[in-house]
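A note on names: the letters A, B, ... follow the listed sequences, proteins ahead of strands, and every chain is numbered from 1.
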Amino acid sequence: MLDPKILKKDIDLIVKNLDKKKFHLDKDLFLNLDSNRKDIIAETESLQSKKNILSKEIGFLKSKGEGAENLTSEVELINLSLKDKKELLDISEVKFRDFLLNVPNILDKNVPSGNSEKDNKIIKFSKDKDLEKLNKVNFSDHSEIGKALKLYDSDTASNISGSRFSLLFGSLAQLHRALGSFMIDTHINEHKYTEVNVPLIVNSKSLVGTGQLPKFKDDLFEIKNKDDFFLIPTAEVPLTNIFKDKVLSEDDLPIMYASLSTCFRSEAGSYGKDTKGLIRQHQFDKVELVNAVNPDSSEESLNTLISHAEKILDLLCLPYRKILLCSGDTGFSSSITYDLEVWMPSQNSYREISSCSNFKDFQSRRMNIKYKNKLTKKKEYIHTLNGSGLAVGRTLAAIIENFQNDNGDIEIPEILRPYMNNMKFIKSHK
RNA sequence: GGAGAGAUGGCUGAGUGGUCGAAAGCGGCACCCUGCUAAGGUGUUAUACGGGUAACUGUAUCGAGGGUUCGAAUCCCUCUCUCUCCGCCA
C-alpha cells in the first residue's frame with residue numbers, strides 16, 4: 001500500500017511511474033475519494049464532539065440531582081444525524097482503502113522501462129556456463145527422461161488428482177527431497193537464516209498483507225468447506241506475516257527467515273502453457289527467503305539475497321543468468337525484481353527458477369510492521385524483501401536435463417551426493 | 001466434538017455505567033543527586049486519523065463486530081482467539 005499522504009503530494013509523479021507498470025491510476029477518482037472522506041470525517045467528528053460535551057454535562061447535572069431533559073433530547077437529535085454520517089463515513093473509508101489496496105507499488109528508479117519480458121535486462125551469465133554441455137546431444141524434456149527411467153509419472157497423477165500434478169518415484173523422489181534439504185541447509189549454515197516451518201493454510205488477511213489479495217484471488221486455491229482458508233501460493237505469505245502488527249527493535253534487524261514449503265497455485269489463465277513436466281504444477285516445493293530490514297539497507301540486502309539464491313545454482317553447477325525485470329514485468333507488490341533463470345536444454349531457453357524482490361514499505365504498510373528508529377525515536381515502517389532460493393521442482397527438472405548422460409543416466413551433482421547415500425548416478429528403475 | 005475460564009497500554013495487572021486513554025508495578029527515556037552505589041530522587045512514556053506554520057487541538061481505539069443508554073473498558077448479543085478438563089486423533 002502506498003502512503004496516501006505521499007500519493008496525494010506527488011500524485012503526478014506517481015501516475016507517471018505506475019503508467020510504466022501498465023497501471024492506470026485514476027487521479028481524479030483518488031483526489032475525490034480523499035476529499036470526500038475528509039469532509040465526512042470533519043462533519044462526523046464535530047457532531048461527536050458536541051455529543052461528548054453534552055453527555056458530560058448531563059452526567060454532571062445528574063450527580064447533583066438535577067434534571068437534564070433538554071440536553072438529553074438534544075443529544076438524541078445529534079445521534080440521529082450522527083448515525084447517517086457514520087454510514088456515509090464507513091462507505092467512504094471502505095472505498096478509499098479499497099482504492100489504495102488495488103494500487104501497485106511504485107517502481108524503483110533503477111527499473112528499466114518496458115512492456116514485456118522481451119524488455120527485461122540481462123545482468124549477467126553464470127561463470128561456468130558450459131557451452132559444450134548446453135549444446136550437447138540430447139534435448140529430451142525432463143519429463144520424457146523421467147518417464148524413460150520409470151521414475152516420473154504424470155498420467156497416474158492426473159488420475160489421482162488431475163492435470164498439473166506429478167508422481168516421483170525412487171531415487172528421483174529422493175533427489176527431490178535431497179534438493180530441498182541441501183538448499184535450506186545451505187541458507188541456514190552459510191547464509192545464517194533462521195529456518196521456519198510454516199502453516200500451508202492462511203487466512204485472507206495474511207494474503208492482503210503480502211499483496212496477493214484483493215487483486216489476485218483467481219491465482220489461489222481457496223478451501224471450500226471452511227471460511228477464509230487459502231492454501232499458500234508461496235511461503236512468503238506466512239513468513240512475512242510473522243511480523244504483522246509488530247514493532248521490531250532496530251538492533252534486531254535484519255531478520256532473515258528461510259522456509260522449505262509446499263506451494264499451491266491454481267495457474268488460472270495459463271492453459272496450454274508448460275503442460276508437460278515439472279515446470280508449472282498446482283503443487284510444488286520451494287525454499288523461500290524473507291528479509292525484514294532497516295529501510296537504509298534494503299538495496300544492499302536485495303543484492304545479498306540474490307547472491308544467496310545464486311549460490312545454490314553455483315553449488316549445483318547449473319548454468320543460469322540474472323535478469324532485471326522491466327517495468328511492465330515487475331509484480332504488483334514489488335518495487336524492483338531480479339529473476340534468476342536456469343538453462344533448460346530441451347527448451348533451448350532460460351526459465352525462471354528464482355525471483356527476488358524488494359517491496360520496500362509496501363507490504364509493511366499493509367501489515368503494519370514497524371521498527372523503532374533510534375535516531376528519530378519514531379516508529380517507522382520496515383522494508384521487506386523476499387526471494388526463492390530456489391524452486392525445488394524446477395531445479396530438479398534442470399538437473400535432469402543438464403546432467404543427463406549419453407546413456408540416459410542422470411549424474412547427481414557432487415554437492416547432493418551426501419544427501420543421496422553417495423550415489424553418483426540415477427539409473428533406470430527396473 | 002462436549003464442559004468451563006479468559007482476552008485491558010512494551011510487559012504484569014487494577015478497574016462492573018459518567019470526572020477512565022485508563023490505577024499501580026515493571027520496563028523504556030530524560031534530568032538530578034550521591035561514600036547506603038548491581039543504590040536513590042523527579043519527570044516523562046500508546047497508536048491512527050482530522051484541523052493548525054507551530055504551541056496545540058478534535059475524534060477514535062480496553063480481542064473483533066453489532067446492540068442497550070444522554071453516556072459503555074464496565075450491561076446484552078454474535079464471532080475470533082487463548083487456557084483448563086473430557087472425547088477423538090497423526
Report task. Give a yes or no on this: more than 12 heavy atoms of other residues, nucleotides or ligands lie within 6.0 Å of atom CD of A:Glu299. Result -> no
Value in whole Å for how far the [atom2] atom of [N] lies from [atom1] of [X]:
X	N	atom1	atom2	result
A:Lys378	B:C29	NZ	C1'	15 Å
A:Lys372	B:C29	NZ	P	9 Å
A:Ile53	B:U57	CD1	C1'	12 Å
A:Lys64	B:U19	NZ	P	17 Å

Listing, residues 94-107 of chain A side-chain donor-acceptor contacts under 3.5 Å, not counting sequence neighbours, or none:
from: A:Asn102; atom 1: ND2; to: A:Asp98; atom 2: O; distance (Å): 2.8
from: A:Asn105; atom 1: ND2; to: A:Ser333; atom 2: O; distance (Å): 3.0
from: A:Asn105; atom 1: ND2; to: A:Phe359; atom 2: O; distance (Å): 3.1

Taking the [atom1] atom of each, how far is [N] from [M], in whole Å?
N	M	atom1	value
B:U68	B:A14	C1'	26 Å
B:A22	B:U74	C1'	12 Å
B:U16	B:G35	P	48 Å
B:G17	B:C31	P	44 Å
B:C77	B:A60	P	26 Å

Query raised in the report: Now, which nucleotide makes the Watson-Crick or G-U wobble pair with B:U61, with each of the two distances under 3.5 Å?
Result: B:A46
**Report entry** Complement of B:U19, any strand, by Watson-Crick or G-U distances under 3.5 angstrom
**Finding:** none
**Report entry** Side-chain touch A:Glu250/A:Glu380, heavy atoms, less than 4.5 angstrom
**Finding:** no
Closer than 4.0 angstrom, basic N to acidic O: yes or no for [X] and [Y]?
X	Y	value
A:Asp219	A:Arg265	no
A:Glu267	A:Lys273	no
A:Asp12	A:Lys16	no

Query raised in the report: Which of these passes side chain to side chain donor-acceptor pair (under 3.5 Å) with A:Asp339: A:Ser355, A:Ser357, A:Ser354?
Result: A:Ser355
Distances for protein N/O vs nucleotides 49-51 of chain B N/O pairs under 3.5 angstrom?
from: B:C49; atom 1: O3'; to: A:Arg37; atom 2: NH2; distance (Å): 3.2

For a quick test of your reading: what N or O donor-acceptor pairs under 3.5 Å do the side chains of residues 168-186 of chain A make, sequence neighbours left out?
from: A:Ser181; atom 1: OG; to: A:Arg177; atom 2: O; distance (Å): 3.2
from: A:Asp185; atom 1: OD2; to: A:Tyr419; atom 2: OH; distance (Å): 2.7
from: A:Thr186; atom 1: OG1; to: A:Phe182; atom 2: O; distance (Å): 2.7

Report summary line: Per-nucleotide protein contact along nucleotides 64-82 of chain B, 5' to 3', at a 4.0 Å heavy-atom cut-off (B base, S sugar-phosphate only, - neither), is ------BS-----------
Is there any protein nitrogen or oxygen under 3.5 Å from a nitrogen or oxygen in nucleotides 45-47 of chain B, and what are the pairs?
none

**Report entry** Results of side-chain hydrogen bond (donor to acceptor under 3.5 Å, both in side chains) for A:Glu341 - residues two or more places apart only
**Finding:** A:Arg321
